[in-house]
**Student:** 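First the structure, which I've put down as structure tokens, then a few questions once you've had a look.
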Amino acid sequence: MAKWVYSFGNGKAEGKTEMRNLLGGKGANLAEMSNLGLPVPPGFTVTTEVCTHYYANKREYPAELRAQVAAALGQIEKITGRKFGDPAKPLLVSVRSGARASMPGMMDTVLNLGLNDRTVEGLAAESGDPRFAYDSYRRFIQMYGDVVLEVDHHHFEELLEQAKSDRGVSLDTDMTAEDWKALVAAYKAMVERQLGRPFPQDPQEQLWGAVGAVFASWMNQRAITYRRLHQIPEEWGTAVNVQAMVFGNMGPDCATGVAFTRDPSTGENEFYGEFLINAQGEDVVAGIRTPQQLTILGKDRQKSKLPSMEEAMPETFAQLCDIRVKLERHYRDIQDIEFTVEKGKLYMLQTRNGKRTAAAALRIAVELAEEGLIDRKTAVGRIDPASLDQLLHPTLDPKAAKSQLTRGLPASPGAASGIVTFSADEAETLAGEGKAVILVRVETSPEDIHGMHAARGILTTRGGMTSHAAVVARGMGRACVAGAGEIRVDYAARTMTVKGNVIKAGEAITIDGGTGDVFKGEVPTVQPELSGHFATIMAWADSFRRMKVRTNAETPLDARTARRFGAEGIGLCRTEHMFFDPSRITAVREMIVADDAAQRAKALAKIQPFQRDDFAELFRIMDGLPVTIRLLDPPLHEFLPHSDADFAELSKATGKSLDELKARAEKLTEMNPMLGHRGCRLAVTYPEIYQMQARAIFEACAIVGKETGRKVEPEIMIPLVAMKRELDLMRDHIAKVADEVRAATGAEISYMLGTMIELPRAALRAGEIAETAEFFSFGTNDLTQTTFGLSRDDSAAFLGAYEAQKVMTRDPFVSMDIDGVGELVAIGTSRGRATRKNLKVGICGEHGGDPASIHFCERTGLDYVSCSPYRVPIARLAAAQAAIQAEPAKAAAKPTAKPSTERHNRVLISAGRRAAGARVSAGRNFAAPTARPGKKKPAAKPVAKKAPVKKAAPKKIVKKAAPKKPAPKKKASVKKPAKKSKKR
Ligand code: ADP
Ligand code: MG
Ligand code: MG
């Protein structure tokens, strides 16, 4: 018989951590904690397979499910000595969703299930505390009514506010048993009015209603959006956890709280958390009352006046500290835990690997390795390469004039400026228009995720460091200031007011998520100093990496930046950049409209000294590292004059009439320039262009060689080759120039000649092309266009529909299409190497900085990847992870003796110490980068990336942005107020 239900409790469990796919993250870890002997209220998990079955079978449960649930419920009853629905000693349960990956889009937890008009009386009598019993009942009706029965949330809110104002109290804790009892009656009447039927009194009906709601929530819009943003497959399904209730709301010796075993913002090895006395469930994160700090240290740091748990409940706190250590030792990672204290007894309700900032991730990984809990490979593997981008975020310029509005909590680091918006939808719209926005909310809820994603920064006026806004912002790498309580937000008037300053929607503010400061207007920022832990991880990564990492750079600034980030050469220098310079463009146009070779040579001679100096500067900066220079690639079309002023200037320079020039330009205009007169085709028709470039390169080699006394050996790369004969022609032109420069300068000139593989034919005929080419570089931007036969400029219009209808799951210009484009890369590599064993092979498209594509490159045996300067650290780390992942295959072939864990740990600890010493020197690579020209953060993607490689023609630039992901769909249903649903 299939097993659909797994029990836990009483120091044992049927499940364990490794069964996360079946039990969901929450269920698997509840089981694991039970097995570890931690105090976990007993319960059971309905598996994710039930969810899958449910959707595959017209929303029917498997036949055996009811019996299995009944049996598991019976076990809880046995352990607790209570009975579900029993008026004398009622068992109450929580019903909690839990997918494999933590998913804020899922159903909210329902607490206190099993209460009805009879059991509430039993609970009151048994506990001797009617206030507690009715507090629990009103919470249950509200949660169940909202989450399962879908009675709009504000109906409950209004009745609660009404009840409190009638009684003249402002805190929930000031309400009496009678008050709650009256509210329960009002709630029930309201629910009956809304639904036309009474609130369900039968605990079994309640239970199955809640279970059904969890499965239904798997397909709600919030969950769907979240899955899409995080690439979580629909097939995974969610589990349902049913667990005996414990009560943090039974009086002053009760509490509920959340904690991280280390500081999730900095990674510091300090226990960090918040709790509330006499509270239940999500009160802490919902920001209903200001939470108290767990530790004295935390209290001091937050300048909180409320007693910490360390002071208020020293014994329970000590117990929690033991559990903290136990959990970290066991999971070998920072844990994010939820707990409840009932009458002085501690219960664990959740643990999971904690979300952390990139800086914290680095520190934690390094320190866990130094503590001997993980090895260096694991440490390197723990860092999400894409998250490193967070560390490149700017911080506020300390010298800039600032006008501080207020200060909130430093919830997620980074500084961000932008215009204020109060709605998540508007944030998304404005970001889509390329505007930097700061999303300002009283609090955020899962419904705001798309807006938080689109915003540069998030500012909330309520909630603590573990509030929804704070947790989500840290996960997304957005700057966030939370709980800025001095700010009054008026959604209707679209204003925020603080100390007499009124800021309207559309006006700029700046937030500093590292300090919690909020400033008026835009404050200039500077690039950050990167921490020593970053350098340590990169040094460890480099020790595991096989592929080299180069950069795509043509300006001295980019080249220097890339070297600071550890680039090991230039993989792509796009020489056209040097043509578009305003001081040179007229000469380039003279060359295009020249009538004959002599005129062309004259025009090119004007450009040549500039090119030579550009190359010389790059050679100096790269100081002996390899430099691949690609000769001119873009279609002539892109150099054509546009404005009357352009034509007038060209007419003056060439002596040709305006009419003649215009006719000429018209003739040169191409319908499909991407497939037009470009790449080596330019030099097949006008060899002088490449000859000039080759001369510039060789002369630069001679100059820098003389300066440094070291030979400079460039790699000259010919673009858009489809046929071997094209490359042969180029080889001869270049060889001739090399001879001439040798003769003229007396310098020893040597170079490598290679080609970019960016046409399918070139990949297929790589065998013969490699007879001439000494290296290949896969130009996967063009190769993607030419393989799919689609143009990056025009595909934005339909790629959204392709994604929505699952024709394509990922943008092939961001992450390589491994199946198609990847197959061509693999074919090209193996055929090329069959001809020339030592053929150097790299990749230089945008994909060179994309971790998934980098893994493919490692598997395919490429020698290097090349990416934009700011992605170099990401590529170094991803390449290391790819090499580590490729290892088991090798290791299996060559088994080695494994050291005992103990010895292993000792070795690691001393290695860790050595590494700590090594940090200082490794850190040099990471001096603060200066400016970051042209770097704009695409709103819809979590990872900032440099604008796509483009053939920069003044007119085309605008259109050449990578295809934009479609905006997440708006929720169809009415927006709920943000107060509820604080999924953590
Ligand atoms: P989330 O996925 O949002 O973390 P949880 O299922 O963890 O939701 O539930 C939210 C909160 O509800 C928990 O942090 C805990 O405080 C409370 N809770 C859940 N189950 C129980 C229970 N059996 N007894 C007491 N409190 C519970
Ligand atoms: Mg190309
Ligand atoms: Mg939780």
Side-chain angles (χ1 to χ4, degrees), residues 8-9 23-30 33-34 39-46 73 76 79-80 82 84 91-115 123 132 135-136 139-140 142-144 147 207 210-211 213-214 217-218 222-223 226 238-250 254-260 273-286 288 291 335-343 345-355 445-446 466-468 471-472 475 980-984:
F8 57 85
L23 303 179
K26 201 179 287 165
N29 283 331
L30 283 169
M33 284 200 293
S34 306
V40 179
F44 60 85
T45 304
V46 179
L73 197 61
I76 305 181
I79 295 171
T80 58
R82 312 178 144 271
F84 196 50
L91 169 67
L92 305 188
V93 296
S94 64
V95 176
R96 325 168 63 182
S97 60
R100 267 193 227 187
S102 154
M103 266 189 50
M106 293 300 301
M107 191 199 84
D108 296 323
T109 295
V110 176
L111 301 178
N112 309 327
L113 189 141
L115 278 175
L123 192 65
F132 149 72
D135 177 36
S136 303
R139 287 171 186 267
F140 170 57
Q142 167 158 0
M143 274 185 261
Y144 194 90
V147 171
L207 178 63
V211 170
V214 171
S217 74
W218 183 249
R222 261 175 17 190
Y226 187 87
T238 180
V240 186
N241 299 292
V242 177
Q243 187 177 24
M245 281 302 299
V246 288
F247 300 98
N249 57 336
M250 278 178 108
C254 302
T256 178
V258 297
F260 288 85
E274 295 169 338
F275 80 114
L276 270 181
I277 287 180
N278 199 8
Q280 188 176 52
E282 308 277 39
D283 291 0
V284 178
V285 287
I288 290 167
Q335 295 297 297
D336 168 357
I337 62 183
E338 302 182 0
F339 62 89
T340 281
V341 181
E342 178 182 311
K343 300 234 173 263
K345 181 160 170 28
L346 177 68
Y347 291 95
M348 297 304 297
L349 294 172
Q350 189 170 334
T351 191
R352 61 182 164 189
N353 293 340
K355 284 212 169 75
S445 76
T466 50
S467 65
H468 177 265
V471 172
V472 173
K980 52 151 294 176
S981 88
K982 301 288 160 187
K983 283 272 165 184
R984 290 183 64 253

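Both ligands and their constituent atoms are indexed starting at 1 by order of listing.
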**Student:** Flag Ser94 as yes when one of its N or O atoms lies below 3.5 Å from any N or O atom of ligand 1, and as no otherwise.
**Tutor:**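 Checking ligand 1 against Ser94, an N or O pair does fall under 3.5 Å apart.
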**Student:** Return yes or no for this condition: an N or O of Phe339 is under 3.5 Å from an N or O of ligand 1.
**Tutor:**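 The answer is no, given that Phe339 and ligand 1 share no N or O pair closer than 3.5 Å.
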**Student:** Under 4.0 Å, heavy atoms only, figure out whether ligand 1 is touched by the backbone of Leu349, its side chain, both or neither.
**Tutor:**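 Answer for Leu349: side chain.
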**Student:** Can you tell me how far apart CE (Met245) and CG (Leu113) are? Round to the nearest 0.5 Å.
**Tutor:**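 One finds 10.0 Å between CE of Met245 and CG of Leu113.
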**Student:** Keeping the roles fixed (side chain from Ser94, backbone from Val110), state whether a donor-acceptor pair exists under 3.5 Å.
**Tutor:**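 Here the side-chain-to-backbone pair does not exist.
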**Student:** For Thr256, take its heavy atoms, then give the atoms of ligand 1 lying under 4.0 Å from any of them.
**Tutor:**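 So the atoms of ligand 1 that pass are 16 (O).
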**Student:** Please state which option from Thr109, Val284, Asp283, Asp108 has its nearest heavy atom closest to atom 8 (O) of ligand 1.
**Tutor:**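 It is Thr109 whose heavy atom sits nearest to atom 8 (O) of ligand 1.
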**Student:** Check step by step if side chain to side chain contact (heavy atoms under 4.5 Å, CB included) holds for Leu91 and Ile76.
**Tutor:** CA-CA 9 Å; Leu91 169 67; Ile76 305 181; 3.9 Å; yes
**Student:** Show which atoms of ligand 1 fall inside a sub-4.0 Å distance from at least one heavy-atom site of Gln350.
**Tutor:**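 Every atom of ligand 1 under 4.0 Å from some heavy atom of Gln350: 4 (O), 5 (P), 7 (O).
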**Student:** Please classify the Met245 to ligand 1 contact at 4.0 Å (heavy-atom distances, strictly less than): side chain, backbone, both or neither.
**Tutor:**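 Contact part for Met245 vs ligand 1: both backbone and side chain.
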**Student:** Contact between Met103 and Trp218 at the side-chain level, heavy atoms closer than 4.5 Å - yes or no?
**Tutor:**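 Contact flag for Met103/Trp218 side chains = yes.
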**Student:** Check whether Lys26 reaches the backbone of Gln350 with its side chain - one donor and one acceptor, N or O, closer than 3.5 Å.
**Tutor:**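 Not at all, since once roles are kept as given, no pair shorter than 3.5 Å links the two residues.
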**Student:** Given Gly43, Gly25, Ala99, Gly281, identify the one with the heavy atom nearest to atom 16 (O) of ligand 1.
**Tutor:**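 Among Gly43, Gly25, Ala99, Gly281, the closest heavy atom to atom 16 (O) of ligand 1 belongs to Gly281.
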**Student:** In sequence, state the C-alpha distance, the side-chain angles, and the governing distance for Asp135 and Gln280, and then conclude on side-chain hydrogen bond (donor to acceptor under 3.5 Å, both in side chains).
**Tutor:** CA-CA 10 Å; Asp135 177 36; Gln280 188 176 52; over 6 Å; no
**Student:** So does Gln350 have any N/O/S atom less than 2.8 Å away from the Mg ion (ligand 3)?
**Tutor:**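 Yes, since at least one N, O or S atom of Gln350 sits under 2.8 Å from the Mg ion (ligand 3).
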**Student:** How does Lys26 reach ligand 1, by side chain, by backbone, by both or by neither, if only non-hydrogen atoms under 4.0 Å count?
**Tutor:**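 The answer is the side chain.
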**Student:** Does at least one non-hydrogen atom of Pro41 fall below 4.0 angstrom from an atom of ligand 1?
**Tutor:**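 Outside the 4.0 Å threshold, so no.
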**Student:** Distance-only, no hydrogens or angles: does the Gln243 side chain make a donor-acceptor pair with backbone N or O of Pro41 under 3.5 Å?
**Tutor:**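 Answer holds: yes.
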**Student:** Please find the pair of heavy atoms, one from Thr351 and one from Asn29, that lie closest to each other, and give the distance.
**Tutor:**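 Here Thr351 and Asn29 meet closest at O-ND2, 3.0 Å.
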**Student:** Please determine if Arg352 has a nitrogen or oxygen closer than 3.5 Å to a nitrogen or oxygen of ligand 1.
**Tutor:**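 For ligand 1, there is no N or O atom that lies under 3.5 Å from one belonging to Arg352.
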**Student:** Check Val246 against Glu342 and note the closest heavy-atom contact, atom names and distance.
**Tutor:**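 Result for this residue pair: CA-OE1, 3.2 Å.
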**Student:** Show me which atoms of ligand 1 lie under 4.0 Å from any heavy atom of Ala244.
**Tutor:**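 Result: 22 (C), 23 (N).
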